[in-house]
*Asks:* 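The structure follows.
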Number of protein chains: 2
Amino acid sequence: MRMHGEIEGAQAEIRRRNLSRMLRELHVSRPLSRSELAARLHVDRSTVASLVSELVGRGIVLERPRSRLVPQSPGRPSPVVELRQSGPGALALDIATDWLGAAVVGLGGKIIASARRDLSLSNASPEKVVADLAGIVRPLLAGIENAPRLVGIGVSVPGLVRAEDGRVHAAPALGWRDVAIGELIKEEFADLGASVCIGNDADLAASAEYLRGAGRGTGNFICIWGEVGLGAGIVVDGRLLSGAAGYAGEIGHMTIEPGGDLCHCGARGCLESVVGEEALLRRSGRDPLGGTAAIEDLVSAADRGDEVALSALVESGRGLGIGIAGLVNIFNPDRVALGGLYGRVYRYVRAPILLELEARAMPAPRAMVDLVTGRLGGNALLLGAAELALGPTLDDPAIAPLLQEQAPAGAVHHP
Amino acid sequence: MRMHGEIEGAQAEIRRRNLSRMLRELHVSRPLSRSELAARLHVDRSTVASLVSELVGRGIVLERPRSRLVPQSPGRPSPVVELRQSGPGALALDIATDWLGAAVVGLGGKIIASARRDLSLSNASPEKVVADLAGIVRPLLAGIENAPRLVGIGVSVPGLVRAEDGRVHAAPALGWRDVAIGELIKEEFADLGASVCIGNDADLAASAEYLRGAGRGTGNFICIWGEVGLGAGIVVDGRLLSGAAGYAGEIGHMTIEPGGDLCHCGARGCLESVVGEEALLRRSGRDPLGGTAAIEDLVSAADRGDEVALSALVESGRGLGIGIAGLVNIFNPDRVALGGLYGRVYRYVRAPILLELEARAMPAPRAMVDLVTGRLGGNALLLGAAELALGPTLDDPAIAPLLQEQAPAGAVHHP
DNA sequence: CTAGATTTGCAGGAGCAGGCACCAAACGCC
DNA sequence: GGCGTTTGGTGCCTGCTCCTGCAAATCTAG
């Protein structure tokens, strides 16, 4: 007997793809007129009409007459299609070493509400973390008007996340090993009826920066991300590099100095052990475990022109530059962005990184690569987590249920 | 006015994709019955019939009754669809430092004829190389019966190849800078009427090994390739990593020892300068520029148990292991294969590489990665080059012209 | 050797998505 | 206010794949 329903017709596949492309276009761009959509998707106007009406019917977008304020071109005006705030949205959670964050994010990457609580989570049990998250999320959800329908919960974790099932294989910064954090969160927020997706922090930051931050307009993009650990999210031809099991991007453990200092991972001379937060703090004479506060102190010392602070930063920048040069040779990216800790000290590490790039990256890739700082700041992780949770809806908008209600006031009616 | 012909209907796109999927299945697998094709492509029997008849009509495949020799299952027998030798094929050219190679390769990766000439090409002018190639190719082509229609010429070059136009940005081993080798070859072989594609040697080796060698069955695969230089072809989720301009995979210039020896690229401690052919020969007390002959001498010395040779190999293996460990952390591949020079000395470098992997790669990716030797040997480059040239036909089999002639004897007729 | 079971090829029809042509509507511009 | 332009809506057409019913070709059991 043949399985069917598995593929279910290539026509349906076209339809799904076109719906997805349209929704993604609105998601990463802005409200667009039907004509603009037709031009961008390379489909006929009648097809656009059909696709838009389906998305309207599922409560994902709405149409409104084009504003009179913007200058018009001749011809019949095209109604503008825009994302509906009460449409699909995500709950984004950010578990870091020194804080917990949460946000409700709508399609289009709009942060509708967010909250953050600073606290140290090194060696906090997963159960405690989930309980603390609930304490943040519940009031957050209660305070939202015209809330989106939550279709998913995306979670950022600073550690190795197995792609297959979202288990956290290891998160040294939290002291976790093999934790099914997704299951715990799913239980805690069972009433929301949303699926849970877990992602590595650097990957999520890269995904967000790629879509709506420093990586826009590129196809090959690397986002270096470090807080306590050091990793990278790597976008190759528009897709996030995940590797065979989801563990890709662990650039913190490239060897930079074979005989260097001992790293937590047991090896010597890992990039993380040379330029990570601990190494940076140690070099500047501060408590290596001082965390965010110590880093802020270091930065303000550097701002005052403190020699020790500056040279510690330069030293770290050179190490990082060696690592980045290797990545440039390996990936030939359009752009490399520094986020997290390295985004905050960007202005001090940029010059030494460029120096090492000049010395160590091959001329051709070096000439084309662009070194920048992340543009989303602390929101990168939350936006990336939301992206993860919204993925299924973006890939197949037809999973959103049809609405019974009529389109809300303000929509265009066709008599 | 709207451009059209650009997209020309999504139906046509489905058709193209299905034809391509069918041809690729035959290309990487073996002759398959219609039923097997239906199962593998997840399409209906009637669709398979339609697709097969189109491929037959274009002279790409033929159908023959299933042999009586193989054990049959009950039910009506399904004719076997197989690639036709006189169908599309490629001319593959391999420009290396110490030899020139050429082959005519049919669909399915079948080497129909090949030739090779050993000679030193360091600092040979592109014009001379092309003339020498012609001297190899012409007799080769003359001696083939039932030759394929050559749809493309694929060329392997040991250097940086710009993806956009195939120009060789730099090939240090040949002393080339910014050479439009493709144009020269296109002129020389203009009578063949085939398009010319240029590729980096490591990329092509990886592509061939991935398709029909050591990388089969994986999705994330790295093929380390070195003769004089050192590079890697990297397959991510089934696609070759090319980078923004095509320069990806230059792992030879990852920094392994920041204060190490000077590399030709001007930096210190590049992987290539630590473990490349020259370093290996120098370490063993041989002429660093001795080339293939010196390497053969080194290997036979090692085979005899020569201490110096063995320790030079082990030392290189450790350096290579450091580099591979970094790649494993970055890519989390299923498998890493050693080809070219490192394939030939595999048995001596395997142990030290594994040692460094154990020490330096993160536990989770390390546990899943597989270190193997290339399985295609010297044919990897030619097969990869052919793959490059056959790409357009595989992607859109409908570019092959319809045949006027009737299907040849042996085909199944439907009265 | 024959009958049943099984698998397959083939022909015809259905369903469905997108493209196209035509007409009407809504704007800017003169 | 008329004209040119752009757009939405409608109805028809094309092309692709899937489904169904039937005939053909084989294996197996008796």
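Letters A, B, ... mirror the listed sequences (proteins, then strands); counts begin at 1.
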*Asks:* Please state how far atom CG in Asp44(A) lies from atom C1' in dC22(C), giving the value in whole angstrom units.
*Replies:* 13 Å
*Asks:* Does dT17(D) have OP1 or OP2 under 4.0 Å away from a side-chain N or O of Asn18(B)?
*Replies:* yes
*Asks:* May I have the step-by-step check of salt bridge (Lys or Arg N to Asp or Glu O under 4.0 Å) for Arg15(A) and Glu54(A), ending in yes or no?
*Replies:* CA-CA 11 Å; Arg15(A) 181 68 169 188; Glu54(A) 174 157 1; 3.0 Å; yes
*Asks:* Round to the nearest Å and state the distance from Leu51(A) atom CG to dG8(D) atom P.
*Replies:* 13 Å
*Asks:* For Arg17(B), I'd like to know if atom CZ has over 12 heavy atoms of other residues, nucleotides or ligands within 6.0 Å.
*Replies:* no
*Asks:* Taking atom C1' of dG18(C) as reference, at what distance in whole Å does atom CG of Leu19(A) sit?
*Replies:* 13 Å
*Asks:* Hey, does the side chain of Ser46(A) come within less than 4.0 Å of dG9(D)'s phosphate (OP1/OP2), counting only N and O?
*Replies:* no
*Asks:* Whole Å only: how far is the NE2 atom of His42(A) from the C1' atom of dG19(C)?
*Replies:* 16 Å
*Asks:* Whole Å only: how far is the CD1 atom of Ile14(B) from the P atom of dG15(C)?
*Replies:* 18 Å
*Asks:* Distance check needed: dC16(D) P versus Arg21(B) CZ, whole Å only.
*Replies:* 15 Å
*Asks:* Closer than 4.0 angstrom, basic N to acidic O: yes or no for Arg24(A) and Asp395(A)?
*Replies:* yes
*Asks:* Measuring to OP1 and OP2 of dT6(D), would you say a side-chain N or O of Ser35(A) lies under 4.0 angstrom away?
*Replies:* no
*Asks:* Of the candidate nucleotides dT17(D), dG19(C), dG9(C), which contains the atom at the shortest distance from the side chain of Pro79(B)?
*Replies:* dG9(C)
*Asks:* Once you round it to whole Å, what is the distance between C1' of dA17(C) and CZ of Arg17(B)?
*Replies:* 15 Å
*Asks:* Tell me which of Arg16(A) and Glu36(B) sits closer to the 5' end of DNA chain C, going by the nucleotide each one is nearest to.
*Replies:* Glu36(B)
*Asks:* Whether Thr47(A) contacts dG19(C) is assessed here as follows: a side-chain N or O lying under 4.0 Å from the phosphate OP1 or OP2. Is that the case?
*Replies:* yes
*Asks:* State, without any angle test, whether Arg21(B) and Asn18(B) hold a side-chain donor-acceptor pair at a distance under 3.5 Å.
*Replies:* yes
*Asks:* Quick one: the side chain of Gln11(A) and the base of dC16(C), do they pair up donor-acceptor inside 3.5 Å?
*Replies:* yes
*Asks:* Nearest to the side chain of Arg45(B), heavy atoms from C-beta on, is which of dG18(C), dG8(D), dT8(C)?
*Replies:* dT8(C)
*Asks:* For Arg76(B) and Arg15(A), take the nucleotide of DNA chain C holding the closest heavy atom to each; which residue's nucleotide lies nearer the 5' end?
*Replies:* Arg76(B)
*Asks:* Does a side-chain N-to-carboxylate-O contact under 4.0 Å join Glu209(A) and Arg335(A)?
*Replies:* no
